[in-house]
> 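Structure provided below as C-alpha cells; questions to follow.
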Amino acid sequence: MITLTINGLEATVDEGTTVLEAARFLGLPIPTLCHMEGLSPYGACRLCVVEIGEGPKAKIVSSCTYPAQDGLRVRTSSARVVRARKMVLELLLASCPQSKTIQDLASFHNVRQQRFRQEHDDCILCGLCVRMCEEQMMAKAIGFRGRGQTRSIGTPFDVRSEACRLCGGCMYVCPACQLRCTYTEPDKAVCGGCANLSPPCVDIESFDDMMCYMSPCVACETAAH
Amino acid sequence: MQKLSTIEEFQDLQGRLLSERDPSVPTIVIPAGTCGQASGANDLIRVAKRELLARGLTDKNNVRLRVTGCHGFCEAEPSVLVEPDGTFYPKVNAQKMARIVQAVAEQKTLDDLLYIDPATGERVKRQSDVPFFKTQVRTILGRNEKVDPIRIYNYLESGGYSAFVGALTQGEPRWAIEQVKESGLRGRGGAGFPAGLKWELLAAQRNGHGKSLVCNADEGDPGAYMDRSVLEGNPHSILEGMLIGGYATGANEGVIYVRAEYPLAIKHLVIALRQCHELGLLGENILGTGFSFDISIVKGAGAFVCGEETALIRSIEGKMGEPRQRPPFPVQKGIEGKPTAINNVETWANIPVIIAEGAETFSKVGTKGNTGTKIFSLVGKIRNTGLVEVPMGITINDIVTKIGGGPAGRAKIKAVQTGGPSGGCIPVKRFDLPIDYDSLAEAGSIMGSGGMIVADEHTCMVDVSKYFMGFLTDESCGKCFTCRKGIQRMHEILEDVCEGRGTLDQLDLLEELATVVKDATMCGLGQTASNPVLSTLRYFRDEYVEHIVNQRCPAGVCKALVSYSINDECTGCMLCTKSCPENAISGVKKERHSIDTGKCIRCGACVTVCEFEAIDVA
C-alpha cells in the first residue's frame, strides 16, 4: 500500500494506482478529456494536470499517467494548475469550438472567451478512438500518423482497413467529432452527425471530405438497413 | 586480424604497435569528415596520394599520410596539418596540396600558405598558436587528429582500448563506476545528470533478462554537429566507453541510436564494430575474462523528438517515436522493459579519458560541479565558425572573442543562442556568464548538446524565435495538446508580429502561453520548447514592441516591416539594377539609382551585390 497526500488529505491506495485515481477516490474533481476507464492512460490532453513536489522542485504532471508514490504531495488546484488548465481549455476552444464536451468543460472552469485565431479542427488527437479500437475492440484499425502539425488519425494510406468491423466504438468515445458529419456549418448538415434515418451521403461523392474515415459511416450504414 | 583471447595478447599487440611507431616521421594529416569532404578534402587526398607515388615516397619511414575526422576549424577547411611540428595550412586547394607534399618531403615550411592572424596580420606556423586553437582544451577533439577512424590499429597505437583493459584488470566492476562518479562527469546530452549516478542506478537494478546501454547519437539541433564529428572521427572511443560502461554496470548489450542523416558516421561505426568483433573486443567472453558485450546500430528515421530518451526507446523498439511519462525512468524500465542507461555521444567519449587518466586529473579541468571539457559548435555571424572544445566555466565572451575572433562582418554581435530549439538567447550584456549547466539555466537558456549560434545586429530576435517555433511545429511529436497546439499558436502570434499585425495584448498572451507550455507538457522537448520565446521576451522585449508599436524591424529582417532605399554612397554602377528580379531599380550609369518600393519584393539581392553599402534597409 502507498500513502500520499492530496490537497492536504492523506490517501492510502494500492501500488500501481495513478494520482488521478487516488484523487477521485478522495472525491476530488479533476477534469479529463483523453482519459476513460477501461482504456490505458495516455496523458495527451493535459487537462488533468496536478502539481507535485515542494518549493522550486515543484512541477506539473498529468495525473492520469503519474503513478502514486509514497510520500508524494499533490495539489490538484493550485494557482499554477488552474492557470495551465484554463490555457488548455482556451486552446481547445480555439481549435474545436463546436464540441459540446469542450464547451461544457470550458464553461465549468469559467473560460468564456478565447484569444487566438478561431479554427474549426474537430479532432483534438486525444487518441481515445485509437485506444478504444486497439484495446477494447481488438481491431487496431486506426492509428496515429505523422508528427507535429501534420499528425492525424486514420488508417494506413487512408484505405478502409480490413480489420475495421464498423463497430462505431471510435465515434462513441469521441469527445469532439460527434458532429463531424455536420462539418462546421450545422445549417448545411449533411446527415446530422450520422443520426439521420435517410442518409444522403452514402451515394454522393462530393461529400467525401465531410465524411469520417469510416466510409460509409456506421450510423448511415445501420440506418440504410 | 587475429582474434585476441587474453588480456596479455592484447597488451602484446598494443606494445608491438607502440614500439613500431615513430612519431618523428613527417605525417600529412588531412581532416575529411563530412564537412571536410564537402569543402574538397577528397581532392586533397587524391592529390596527396598521387604526389607521394610520383615522388616515390612510398616508404613508411619517409612521409606518411593520415586521413582523419574533422578537427573543428570549419572556417579554414579544407585544411592540412603536418606532424610532428604541427604546421597548419588553411584553405588548401589541389595546387597548394602538391606544394605541401613536396615541402614535407624536403622538411620545409611554406610560409606563404600559413594561417594569417587577422588581429595582428602575422603568419602563424603551428596549429596550437592559431588563436582559434590556442584557448581551447581539446581532450576529445584533439584525439580526432591522432587516429584514422577506419583503422583500429591506429586507435590502439594512440593508447586506445587500454582504458577498457585497465578496467578489466581491476577485476572489480564497481571501480569504474567510482571513477566516473569521482570525476564529476555530467551527461553531455543537455540536462547534465551525473553520469556516474546513472551508472550506479543501473548497476543496482536486478533483471534476469539483461540490461542495456544506449548511445544517443540522434543529434538534431539546427546548427549543431559535435556528435557527428566525434562519431566520424573517433568511433572507437564511443565503443570503448560503452564497453567500460557495460563492464561496470553489468549490461550485456549496447545500442547506438544514430540518425540516418549521418551516413559517414554510420559507415565508420559499422567498420569499427566489425574490427572489434574480429579482434575479439566485442562478443562473447571478451579477452577471456568471461565478460560478454555486444553493440548494435539502430538508425533513426529523422524525428527530432527521438533524441528524448523515452521516445528514443520506443523508436528502438520499432514503435512510433513519442515520449511517455516518467517514472518509471529508463534506468528502471527501458528497452523491452529492461533497465537501460542512455548517454550522449560526448559522454561516452569522455569515459575512456576518465578511466585512462584518472578521475582526479579529469576533475581538475573545469569548475567544481561542472568538470571536464565541453564541445560547442560555434556558428552564425562569427568569424571563426567551427567546433570548439573548452573547459567548463569559461565565459561566453572568451569563446566569442578569443576563439571565435569576433563578428564576421561589420555589425556588432548582440546575442548567442545556446542549446538549439530548447535553448534561449543570451544578450551581449551577459557575456561574462560562465558556461556551465547551472548558470545557463539561470539565464533562461540551457547547455543543451552544445549548439551556439551567434547573432549580430542584422539578426531579428523575433524572427529567431519564429524560426525555432516553426521548427518545433513540425518536430513536436504531437501527442501532448499543449506542446502541439501551444507551439503552433506561439508560431502564429510570432508570425503576426513579424508581419506587422501584432498587438501588445498578443504579446502578453504569448508570454502566458509560453509559460503554460513550459509547465504543462510531458517531455523535455515540450518543457523547453518555449525557451527561445521566453528568453527573447526577457532580453529583447523592446524589439517585439518596436515591431508592434512602430511597425519597424530594427534588424531589417522582417520583410513586411522593412523598405529598401538607396543612399548617397551609390556610384551608379548598375550592378543592383541587373540583379533585381522585379526590375524595381531604375537609374542611369554613374548617377544615383532609386528603388520603386511598390515593385520591390524585399528579396535582398541588391544588398548582396552592392559593393558600396549604398542600400539602406529600414
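Note that the structure is predicted; figures quoted are calculated from it, not measured. Throughout, a chain's letter reflects where its sequence line sits, starting with A, and its residues are numbered from 1. Values below: all heavy atoms of this structure, side chains included; hydrogens, waters and symmetry mates excluded.
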> Can you tell me which residue pairs pass the side chain to side chain donor-acceptor pair (under 3.5 Å) test with a partner in residues 130-140 of chain A, sequence neighbours excluded?
A:Ser40-A:Glu135
> Within a strict 4.5 Å, meaning less than it, do heavy atoms of the A:Gln69 and B:Pro327 side chains meet?
yes
> Taking the side chain as C-beta and beyond, is there a heavy-atom pair between A:Arg115 and B:Gln506 under 4.5 Å?
no
> Which bit of B:Met320 comes within less than 4.5 Å of chain A, counting heavy atoms only: side chain, backbone, both or neither?
side chain
> With chain B as the partner, which of A:Arg147, A:Lys86, A:Glu90 has the greatest number of non-hydrogen pairs under 4.5 Å?
A:Arg147
> Sort by residue number and list every member of residues 495-503 of chain B having a non-hydrogen atom under 4.5 Å from chain A.
B:Asp496, B:Arg501
> So which residue, A:Arg80, A:Arg85, A:Arg117, ends up with the most heavy-atom pairs under 4.5 Å with chain B?
A:Arg117
> For chain B, find which of A:Val81, A:Ile124, A:Leu92, A:Leu47 contributes the most heavy-atom pairs closer than 4.5 angstrom.
A:Leu92
> Are there over 12 heavy-atom neighbours, none belonging to B:Lys338, within less than 6.0 Å of that residue's NZ?
yes
> Which pair of non-hydrogen atoms, one from A:Ser95 and one from B:Arg489, has the smallest distance, and what is that distance?
OG-NH2, 3.6 Å
> More than 12 heavy atoms of other residues, nucleotides or ligands under 6.0 Å from CD of A:Gln118: yes or no?
yes
> Taking atom CZ of A:Arg73 as the centre, report whether more than 12 heavy atoms of other residues, nucleotides or ligands fall under 6.0 Å from it.
no
> Decide yes or no for B:Leu509 and A:Phe116: does some side-chain heavy atom of the first lie under 4.5 Å from some side-chain heavy atom of the second?
yes
> Of the non-hydrogen atoms in A:Tyr42 and B:Lys479, which two are nearest, and what is the gap between them?
O-CE, 3.2 Å
> Which bit of B:Leu472 is near chain A, if near means a heavy-atom gap under 4.5 Å: side chain, backbone, both or neither?
neither
> Chain B heavy atoms under 4.5 Å from A:Val49: which part of the residue, side chain, backbone, both or neither?
side chain
> Checking side chain to side chain contact (heavy atoms under 4.5 Å, CB included) between A:Leu91 and each of B:Val516, B:Val517, B:Leu513, which is the one that passes?
B:Leu513
> Among the options B:Asp505, B:Asp519, B:Thr515, B:Thr473, pick out the one with the most heavy-atom pairs lying under 4.5 Å from chain A.
B:Asp519
> Name the region of A:Thr65, side chain, backbone, both or neither, that has any atom closer than 4.5 Å to a heavy atom of chain B.
both
> With respect to chain B, which residue among A:Arg83, A:Glu119, A:Glu51 yields the maximal number of heavy-atom pairs within a distance under 4.5 Å?
A:Glu119
> Contact part of B:Glu475 toward chain A, heavy-atom cut-off under 4.5 Å: side chain, backbone, both or neither?
both
> Is a side-chain N or O of A:Arg46 found less than 3.5 angstrom from the main chain of B:Ala520, in a donor-acceptor match?
yes
> Rounded to the nearest 0.5 Å, what separation is found between the CD atom of B:Gln325 and the OG atom of A:Ser63?
9.5 Å
> Answer yes or no: is there a side-chain heavy-atom contact under 4.5 Å between A:Arg151 and B:Glu322?
yes
> To the nearest 0.5 Å, what is the distance between OG1 on B:Thr521 and CD1 on A:Ile60?
10.0 Å
> Which of the residues B:Gln488, B:Arg484, B:Gln527 is involved in the greatest number of heavy-atom pairs with chain A at under 4.5 angstrom?
B:Arg484
> So which part of B:Arg324 gets closer than 4.5 Å to some heavy atom of chain A, the side chain, the backbone, both or neither?
neither
